[in-house]
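Proteins get letters first, then strands, A, B, ... in listed order; numbering begins at 1 in each.
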Amino acid sequence: DAGITQSPRHKVTETGTPVTLRCHQTENHRYMYWYRQDPGHGLRLIHYSYGVKDTDKGEVSDGYSVSRSKTEDFLLTLESATSSQTSVYFCAIQDHRGLSYNEQFFGPGTRLTVL
Amino acid sequence: AQTVTQSQPEMSVQEAETVTLSCTYDTSESDYYLFWYKQPPSRQMILVIRQEAYKQQNATENRFSVNFQKAAKSFSLKISDSQLGDAAMYFCAYRRINTGTASKLTFGTGTRLQVTL
């Protein structure tokens, strides 16, 4: 258990509504990532963080913003949700210590439906 | 940009038999990591096996092994003695070697493995 939780686990919202997804870790890892999973695309990186208040864009960042004010929390915000953002969202953390240096561990995912 | 291709959307194997899932990738890097992740119906992403490109020896984890062909940029996963619990979506993934920095995973589109009795 890599100590990653995501909330909420499921959410249904309407187009134009702001939505925030939370990723919480208990492992004090430096690197955190947000991916989205869609059929036919695998997982694609939205944003990532390499420390408190240090974030950068991934390949599908349009329409998303992130914040990391504490090591343990990485928030993903959809300012105005659209139907194209219906997806499963995964948070991942990356260990920078010991034998698992190279591995990313994933949270349980959040299924978001935008109507 | 790196790309990862999984050309088999679905595969089926009988219990106790062996199955091989294919993965090819494209990169200009000489050192990198390759991974296979398993995603069962629970949706959890589980790391199955990892291969460092600078290692010639193919990685093995119990019933799971890989055939890593660096020149051909091929990274297939072999599952021996298949079990019902192996039924899942399998993703091949690539990652650059960036020591001390964040580094994203690039995923293939996945192969859904069905295990039959």
### Query
chain A heavy atoms under 4.5 Å from Q6(B): which part of the residue, side chain, backbone, both or neither?
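No part of Q6(B) comes within 4.5 Å of chain A.
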
### Task
Can you tell which part of L105(B) gets under 4.5 Å to a heavy atom of chain A, answering side chain, backbone, both or neither?
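Both backbone and side chain.
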
### Query
With a 4.0 Å cut-off, would you call D54(A) and R68(A) a salt bridge?
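A salt bridge is absent here (no side-chain N lies under 4.0 Å from a carboxylate O).
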
### Task
Using only heavy-atom distances, determine whether the side chains of T86(A) and T113(A) contain a donor-acceptor pair under 3.5 Å.
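No, T113(A) and T86(A) have no side-chain donor paired with an acceptor closer than 3.5 Å.
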
### Message
Less than 4.5 Å to any heavy atom of chain B: does that hold for the side chain of R111(A), its backbone, both, or neither?
### Response
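Both backbone and side chain.
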
### Query
Which region of L45(A), side chain (C-beta onward) or backbone (N, CA, C, O), has a non-hydrogen atom less than 4.5 Å from a non-hydrogen atom of chain B, or is it both or neither?
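Contact with chain B: side chain only.
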
### Query
What residue in R43(B), M45(B), K104(B), Q44(B) has the most heavy-atom pairs under 4.5 Å with chain A?
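Among the listed options, the one with the most contacts to chain A is R43(B).
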
#### Entry: Y94(B) ring center within less than 6.0 Å of F75(B) ring center
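Between F75(B) and Y94(B), the centre distance exceeds or equals 6.0 Å.
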
### Task
Search all heavy atoms of Q39(B) against all heavy atoms of F91(B) and return the closest pair with its distance.
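Looking at all heavy atoms of both residues, the shortest contact is OE1-CE1, 3.5 Å.
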
### Query
Would you call Q6(A) and F106(A) a side-chain contact if the rule is heavy atoms closer than 4.5 Å?
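The answer is no, as the side chains (C-beta and beyond) never meet within the 4.5 Å cut-off.
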
